Every structure is written in structure tokens, then in C-alpha cells.
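Reading through the C-alpha cells given below for one structure.
Not measured: the values here are computed from a predicted model. Chain A is the first sequence line, chain B the second, and so forth, proteins listed ahead of strands; every chain is numbered from 1.
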There are 2 protein chains.
Amino acid sequence: MPPICVHDSEGELLRGEFPDGEIVKGIRRLAQELEISIGTVSRALNGKPDVNEKTRQRVLEAAAAMGYVANQAGRSLRQGSTNAIGFMMESGSDTAGNSDNFFLGVFDGVQAVFSRHHLDLVVLPCSTEEDPTQYLQRMVARGMVDGLIISATHRRDERIELLSSARLPFIALGRSGTSGPHPWIDLDFEGVANRAVDRLVAKGHRRIAVGVPSNDINLGFIFLDGYKAALERHGIPFDPALVIRAKSTDQGGYQIAHELLALPDRPTAVVLIYELMAVGLYRRFNEAGLRPGRDIAVIGFRESPQSRFLSPTLTCFRMSLRDLGIALGESLLASMPAYAEVYPQGLVRRIWPLELVAGESDDFTVDV
Amino acid sequence: MPPICVHDSEGELLRGEFPDGEIVKGIRRLAQELEISIGTVSRALNGKPDVNEKTRQRVLEAAAAMGYVANQAGRSLRQGSTNAIGFMMESGSDTAGNSDNFFLGVFDGVQAVFSRHHLDLVVLPCSTEEDPTQYLQRMVARGMVDGLIISATHRRDERIELLSSARLPFIALGRSGTSGPHPWIDLDFEGVANRAVDRLVAKGHRRIAVGVPSNDINLGFIFLDGYKAALERHGIPFDPALVIRAKSTDQGGYQIAHELLALPDRPTAVVLIYELMAVGLYRRFNEAGLRPGRDIAVIGFRESPQSRFLSPTLTCFRMSLRDLGIALGESLLASMPAYAEVYPQGLVRRIWPLELVAGESDDFTVDV
DNA sequence: CGCAATTCCGTAAACGTTTACGAGACTAGG
DNA sequence: CCTAGTCTCGTAAACGTTTACGGAATTGCG
């Protein structure tokens with residue numbers, strides 16, 4: 001353990017020894033310096049009412065002077081709560097590169113909320129070696145965090161069952177099939193799918209392909225449902241051959257384009273669920289001499305640094321990652337008893353809207 | 001504090017009550033279940049030698065059965081060390097968007113190392129509101145972490161002085177002017193600047209501009225020094241007017257291009273220190289009807305998802321973010337006494353090499 | 001002045017671990 | 001049989017906080 005006081009160059013006065021030579025650290029040292037009891041010091045620092053305002057000032061000044069901050073371990077042990085929130089993020093190779101800016105953007109917002117309440121953020125990496133649920137179980141049992149943010153929810157997500165039965169406050173970024181009474185925020189996949197299909201149908205398209213993730217992450221199902229519903233609304237029969245499953249990377253997009261080109265009756269439009277797919281898709285189409293917006297219509301999902309500089313520009317949907325992070329943080333706190341009065345929003349379940357950004361990639365019109 | 005045992009649905013047997021009805025948690029509960037003392041349980045779990053192998057097995061099985069994991073706060077308090085490493089990352093608006101994939105990539109490698117040693121990762125956000133050094137001081141005083149990774153080192157970096165005097169193991173991603181005897185790893189900015197200039201000079205360029213960050217982050221100075229040295233090596237006089245300072249974003253790149261276009265004697269080549277600058281630079285040049293590689297030579301810095309899909313393709317330098325993260329993690333551990341024998345590398349100070357990726361953006365040749 | 005109410009502060013017990021110490025039960029060697 | 005040594009394990013003291021409790025000092029009121 002590092003020495004509590006870093007600036008210990010002031011000599012004998014602040015050395016903090018008892019008359020018998022014993023070296024004292026932490027709050028005991030501070031109390032000794034001030035010649036009051038540690039109980040009073042603690043109460044003074046924690047803003048408890050039963051302490052004289054004058055002594056409180058003395059304590060605060062002394063604490064500031066010697067850079068005293070309460071040791072977190074002692075604090076956590078006594079109060080039974082760490083001042084930390086866990087953020088579980090997957091870093092699998094499936095989504096690597098794609099999730100990059102997404103997570104860091106959300107992170108930023110989450111941090112903004114937490115730092116306001118002096119909460120620390122612990123990153124829980126979802127390594128590929130261990131089962132995520134077991135890892136989570138360990139963290140919960142260790143008492144590492146007071147709350148959790150999980151993301152990339154799956155259709156049936158054991159993590160949700162675990163956390164629910166452990167009664168640990170948490171919020172999920174993404175809906176799940178096993179949706180109990182827990183807060184979540186999810187992107188408006190149905191809305192995006194619907195608007196994308198609407199837009200394409202309005203341009204005369206009838207054969208609209210869709211690129212979805214190949215794993216069982218829940219957003220794929222939701223997106224696909226929205227896609228099907230939109231088709232049905234327009235009286236277009238659903239063709240399973242037009243659903244292409246691939247990794248959510250640019251390679252995945254490349255593969256999607258590849259499979260689309262191989263179809264006997266090639267679709268005239270394609271909707272992607274990951275913007276990164278668009279990059280690889282463009283590349284493959286380019287190799288085939290096809291240009292998005294001229295020979296085929298393409299609509300991506302989220303606007304991102306990668307997608308923003310594609311040529312021709314990609315029609316996609318925009319959102320503020322930071323705002324999403326802020327909402328996540330605040331909604332989690334709202335579900336924690338200790339912050340219930342600061343964020344009296346109750347149980348938050350929110351669909352996060354996205355705004356259409358029209359690009360050139362879906363300019364392609366089909367004669368009806 | 002969440003209940004230690006999550007699966008408490010097995011009824012009376014595992015309820016963990018003392019004869020007088022008191023509810024027991026943690027290691028005490030486990031000891032009670034096994035009818036041995038908590039000291040033995042602790043020793044068994046921690047692999048201490050003086051425990052019978054048979055009882056150790058019993059303990060391990062029981063612990064696994066009831067999902068017991070030692071509470072971290074109690075553990076930290078007793079041993080004086082948390083099992084956590086802090087990663088300080090800046091999230092200022094200056095570098096937002098740019099640092100995104102960089103940090104997450106490095107993160108990935110760091111995590112890979114830490115998870116191997118069951119170390120947790122705490123993210124220390126460098127918010128714009130508080131002084132980073134003070135924030136760090138608080139974290140150190142709280143005893144939050146056993147070690148630290150700091151990044152984006154400045155020319156004179158108070159954080160380094162603080163951590164050195166606090167004797168907390170740390171590693172810096174980036175050199176600093178105030179380089180004490182601490183480990184660091186930094187990218188090979190001199191090498192990149194030299195190779196970039198060499199390459200351009202070989203194509204006949206004599207007026208080579210350079211885009212550097214406008215803040216006092218140290219890498220800007222190092223890069224510039226390399227640039228100057230390379231010029232001198234080729235007998236080209238240094239022209240301060242060709243040094244353009246801007247934000248390390250695409251807007252910054254846009255501004256750089258703008259300023260270059262306004263110069264009376266326009267340079268024929270430009271070297272950038274942030275790949276994201278290239279994006280904005282391309283845009284401004286495009287507006288002016290200039291095409292990189294045809295009308296002006298451009299060399300970016302790091303290959304990134306954004307830069308990879310620029311057209312014409314950007315000549316830049318490639319590196320593995322994950323490997324850098326791994327090196328950072330291992331080198332930090334090497335500087336911690338507890339891991340000295342696992343990573344016997346001593347004090348690491350490493351220049352991280354980058355590999356040239358030739359693109360089209362510097363195809364432009366000047367007649368000599 | 002007497003008594004109750006209030007204000008302030010010290011005492012000590014937790015919180016869940018790890019670990020130094022010592023004690024008991026063996027074994028071995030004489 | 002005695003003693004020294006070796007295995008085990010239990011006991012209890014830390015680690016640095018917070019907080020319930022009670023006591024002393026002060027104030028307010030009749």
C-alpha cells in the first residue's frame with residue numbers, strides 16, 4: 001500500500017508518530033494531528049450533523065493540507081458498498097473494430113454522470129476464455145461493484161438472471177428475451193428497419209436484402225423483426241434468401257456483398273445493421289464494378305467515423321453516443337436506492353431514437 | 001452489499017446460521033459449513049503450505065459449490081493492496097474521436113495481460129473539470145490501485161512527479177521531458193518523421209509541411225525534432241512557416257489544409273502526426289480541386305479504421321495496438337515487486353516501431 | 001437554581017480478510 | 001520412554017473505516 005500522505009517533506013510536525021514512536025497512518029494520523037478522536041474526524045469529513053462547525057472546518061483544512069482521503073478498502077468494508085460501477089464490455093474478435101468508437105463514446109457519457117457522484121468505473125472485460133456469466137458471478141461475489149452496466153445482450157441472457165437473483169442494481173444496453181423487471185435502454189432497431197424499408201420501397205425497391213449478425217445477439221432478431229414487419233406492411237413477401245448473416249466487421253460486409261452477388265435474382269437494395277459492414281460491402285461491390293447509389297441501394301445503420309467518409313456517402317442513422325451513455329448512467333443510478341431521490345425516474349426502459357442522415361448510397365431508384 | 005451466495009435456494013442446510021440464529025456470511029459461513037476454523041479455510045484457498053491436502057480439497061469443493069469468493073474489500077484492507085490497476089485516459093474534446101480506436105485497441109492488450117493475473121482494471125477518466133494531477137493524487141491516497149498506466153504524457157508532466165514521489169508503480173505511454181527512472185513505452189515518432197521525410201525527399205520534394213498538435217503533448221515536440229533532423233540530414237533549411245499546429249481531429253486536418261493553401265509558396269508535400277487529420281485534409285483539398293498523390297503528397301501517421309478507407313489510399317504507418325497494450329501491461333508488472341520474477345525485464349523503456357504502409361497519397365513526384 | 005433538552009465528542013464495535021503465533025498430535029531417532 | 005522435529009490447525013490480532021451509543025458540557029426554560 002502506498003503511503004497515504006505523499007507530501008511528507010515537512011519534517012517532524014507531520015511525521016505522525018505516537019509518543020512511543022509508533023507510526024500512524026490514515027484517519028488516525030489526522031486525528032492525532034488535530035488532537036481529537038477519529039470518530040469526530042470521520043463525522044466531520046462525511047458531513048454528519050453532530051459535529052461543531054468550527055472543528056469541522058479545522059478537520060477539512062487539515063485533511064486538505066496533508067492530502068488525506070479515506071482509504072477505499074476500509075470504507076467499503078465498513079459500509080458494505082464500494083464506490084464503483086462495473087461496465088461489462090465484450091472485446092471479442094467478432095465485433096472488434098466495430099465496437100471501438102461505439103463503446104468509447106458511450107463510456108464518455110457514463111463517466112460524465114459517474115464522476116459527478118464520485119463513482120469509479122471498473123471495466124469488466126468479457127474475455128473469450130471464461131464464461132461471461134461465471135466471470136460476472138465472481139465479480140458480484142467479490143463485492144467489486146455497487147452496480148453494473150451490461151451490453152450486447154443476447155436473446156436469452158444468463159447474466160440478467162444472475163444479476164436479478166443477486167439483487168445487484170444493473171442496467172442493460174440492449175433488450176433481452178429474458179426481460180425481467182430490470183432497466184434497459186436499447187436502440188430503436190425496429191424504427192430504423194422500418195424507416196429504411198419505407199424509404200427503399202418509396203424508391204420502388206421490392207427485393208430488399210438485409211445483413212444481420214451471425215451470432216445470437218438480440219439486436220439481430222429485433223432488427224429482423226422490424227424488417228419483416230415493414231415488408232408485410234407494404235405487402236412484400238418475406239424471402240429468407242435475402243437475409244444474410246455475417247460477422248459485424250468490414251469482412252462481414254464483404255461477405256454479405258459476395259453472397260448477394262451470387263444470388264440468382266439479385267436484390268436491388270440492402271440494409272445493414274452495422275455500419276462497419278458497409279465498408280467491406282463497398283469494397284466488394286467496387287470489385288464487381290457496382291457503385292452504391294447507382295447500381296444498388298445501400299442503407300447502413302449507425303453513422304460512425306468510418307462510415308462518414310465513405311464514398312459515395314452512406315445513408316444511415318445518427319445518434320449521440322455520449323447522450324446514450326449519460327442516459328445509461330443516470331438510469332442505472334435511478335434504480336439504486338441510494339440515488340433514488342437524485343434521479344427519481346424509477347424503472348427506465350427506453351428505446352433510443354436515431355435520426356436519418358440521407359446520403360448518396362440509396363439514390364438508386366427502381367422503375368415500378 | 002449483495003449477498004455473497006447467490007444460489008441460496010437450497011434451504012436450511014446452506015442457510016448459514018449459527019445455533020443462536022445469527023446469519024453468517026463470507027468465509028465464516030464457509031468455515032461453519034465445513035466445521036473448521038476460518039484461518040484454515042483462508043489458508044486452504046490461498047494455497048498456503050501448512051494445510052492438509054485432504055482438507056484443502058474439501059474447502060475448495062465447498063467454496064466452488066456455494067460460489068464463495070473472498071470479499072475484495074476485506075482482502076485489500078488486510079493485505080494493503082487492491083488487485084487493481086488504473087488506466088488513465090484522457091477524454092478531452094481535443095482528441096475525441098481520434099483516440100477512440102487507439103485506446104480501445106491498447107485496452108484490449110492490457111486486459112489480456114491483466115486477466116491472466118486476475119488483476120482488475122479501473123478506468124480513471126481525466127475529466128476536463130478537475131486537474132488530472134489532483135485527481136490522480138486522490139486516487140493514490142484512496143489506495144485505489146496497485147499500479148497505473150498513464151498516457152498522453154506532456155512535456156513536463158506533474159503526474160510523473162507525483163507517482164514517482166508516491167512510489168506507486170506506473171508506466172507511461174509516451175515519453176516526457178521530466179523523465180525520471182520510470183518505465184515507459186513510446187511510439188517511434190522520430191523514426192516515422194525521418195522515414196516520411198526521406199521518402200518525400202527521394203521523390204524530389206524540398207518544401208515539406210508538417211501538421212502537429214496545438215497543445216503541449218510531448219509527442220508533438222518529438223515528432224517535430226525528428227522532422228527537423230531529417231531535413232538537416234538532407235541539407236534542406238527548416239522553414240517555421242511550414243509547421244502547422246492544429247487540433248488532432250479531422251477538423252484540425254481541415255484547418256491545416258486551409259492554412260497550407262494560403263501559403264505564398266505552397267509546399268508540395270505534407271506529413272501529419274494524426275491519421276484523423278488526413279480525413280479533414282482530404283476534404284479541404286478536395287474542395288480546392290486538389291487530389292492527394294496527384295497534386296500534393298500526403299503522408300499520415302498511424303493506419304486506422306478511418307484512414308484505411310480514404311481514397312486515394314493514405315501512405316501511413318502500421319502497428320499493432322494490441323501488442324502495444326500487452327507490452328504496456330507486462331512492462332508495468334515487471335516494475336512491480338510482486339511480479340518481478342514472472343516478468344524479469346527490469347525497467348522497460350521502449351521505442352515502439354511502426355511499419356510503413358505505402359499508399360497512393362504520396363505518389364506525387366516533383367521534378368528536381 | 002434545578003431540570004430537561006440540546007450540542008458535541010469520545011469509545012468501541014463492527015465490516016471480512018489474512019497471517020503471525022502457538023498448541024496439539026503425530027513421527028522419528030536415540 | 002524421552003525429546004526434537006514435522007504436520008496440521010485454531011486463536012486472535014491486525015488492516016482503516018464508519019457509526020451506534022452514551023456521556024459530558026452547554027443551553028433553555030420554568
Side-chain angles (χ1 to χ4, degrees), chain A residues 1-5 16 18 22-59 63 66 68-83 140-144 146 338, chain B residues 1-5 16 18 22-59 63 66 68-83 140-144 146 338:
Chain A
M1 169 135 309
I4 293 299
C5 177
F18 269 131
E22 189 187 2
I23 293 189
V24 182
K25 292 186 301 182
I27 199 175
R28 211 162 255 119
R29 157 95 174 275
L30 190 52
Q32 181 191 348
E33 219 77 42
L34 290 163
E35 294 182 324
I36 54 182
S37 79
I38 61 172
T40 306
V41 174
S42 176
R43 278 191 299 265
L45 291 175
N46 291 16
K48 293 299 161 75
D50 52 350
V51 46
N52 192 337
E53 207 49 44
K54 188 156 162 287
T55 56
R56 187 196 301 279
Q57 286 310 319
R58 276 184 59 217
V59 172
M66 57 195 284
Y68 169 79
V69 190
N71 174 280
Q72 186 57 42
R75 195 162 228 270
S76 302
L77 185 56
R78 170 62 220 229
Q79 339 196 87
S81 73
T82 68
N83 251 258
V140 172
R142 281 211 298 163
M144 280 296 293
D146 291 344
Chain B
M1 168 134 311
I4 292 299
C5 178
F18 268 132
E22 187 187 3
I23 292 190
V24 184
K25 292 186 302 184
I27 199 174
R28 211 162 254 119
R29 156 95 176 275
L30 189 51
Q32 183 191 344
E33 219 75 42
L34 290 163
E35 295 184 323
I36 53 182
S37 79
I38 61 171
T40 306
V41 174
S42 175
R43 279 191 298 266
L45 291 174
N46 292 16
K48 292 299 161 74
D50 52 351
V51 46
N52 192 335
E53 207 49 42
K54 189 156 162 286
T55 56
R56 186 195 303 279
Q57 287 310 320
R58 276 183 60 215
V59 171
M66 56 195 285
Y68 168 80
V69 192
N71 174 280
Q72 187 57 41
R75 192 160 230 270
S76 301
L77 185 55
R78 169 64 220 228
Q79 341 195 89
S81 73
T82 68
N83 250 258
V140 172
R142 282 209 298 162
M144 279 296 293
D146 292 344

Inset, instruction - Please state how far atom CG in A:N71 lies from atom P in D:dC15, giving the value in whole angstrom units. - result: 12 Å
Inset, instruction - Tell me whether the OP1 or OP2 atom of C:dT17 has a side-chain N or O from B:Y68 closer than 4.0 Å. - result: yes
Inset, instruction - Can you tell me the distance, in whole Å, between the CG atom of A:L77 and the C1' atom of C:dT18? - result: 12 Å
Legend entry - Note, A:Q32 side chain near A:R28 side chain (heavy atom, < 4.5 Å): no
Legend entry - Interatomic distance, B:Q79 CD vs C:dG16 C1' [rounded to whole Å]: 12 Å
Legend entry - Pair B:I36-B:V59, side-chain contact (heavy atoms from CB on, under 4.5 Å): steps then yes or no: CA-CA 9 Å; B:I36 53 182; B:V59 171; 3.8 Å; yes
Legend entry - Atom-pair distance (NZ on B:K25; P on C:dT17), nearest Å: 10 Å
Inset, instruction - Compare every heavy atom of A:N83 with every heavy atom of A:Q72, then report the nearest pair and how far apart it is. - result: NE2-N, 3.6 Å
Legend entry - Protein-nucleotide distance (B:I27, atom CD1; D:dG10, atom C1'), rounded to Å: 13 Å
Legend entry - Pairwise distance CD(A:E35) to CD(A:E33) - rounded to 0.5 angstrom: 9.0 Å
Inset, instruction - Tell me which residues in residues 44-53 of chain B put a heavy atom below 4.0 Å from DNA chain C, sorted by number, or none. - result: B:N46, B:K48
Legend entry - Short side-chain to backbone donor-acceptor contact, A:R75 and A:A70, under 3.5 Å: no
Legend entry - Below 4.0 Å: OP1/OP2 of D:dG10 and any side-chain N or O of B:T40: yes
Inset, instruction - Return the angle between end axes of the helix from C:dC1-D:dG30 to C:dG30-D:dC1, with five pairs used per end and rounding to 10°. - result: 50°
Legend entry - For atom CD of A:Q32 and atom C1' of D:dG16, their distance in whole Å: 15 Å
Inset, instruction - May I ask you to verify if any side-chain N or O of A:T55 is less than 4.0 angstrom from the OP1 or OP2 atom of C:dC8? - result: no
Legend entry - A:G74 backbone acceptor or donor facing A:N71 side chain under 3.5 Å: yes
Inset, instruction - In whole angstrom, give the distance that lies between atom CZ of A:R75 and atom P of D:dT19. - result: 8 Å
Inset, instruction - Check if the side chain of B:R43 and the base of D:dG10 share a donor-acceptor pair of N or O atoms closer than 3.5 Å. - result: yes
Would you list the atom pairs, donor with acceptor, under 3.5 Å between side chains in residues 39-50 of chain B and any protein atom, with sequence neighbours excluded?
{"from": "B:T40", "atom 1": "OG1", "to": "B:S37", "atom 2": "OG", "distance (Å)": "3.2"}
{"from": "B:T40", "atom 1": "OG1", "to": "B:R43", "atom 2": "NH2", "distance (Å)": "3.4"}

Inset, instruction - State whether B:R78 places a side-chain N or O below 4.0 Å from either non-bridging phosphate oxygen (OP1 or OP2) of D:dA14. - result: no
Inset, instruction - Quickly work out the A:I36 CD1 to D:dA24 P distance and round it to whole Å. - result: 20 Å
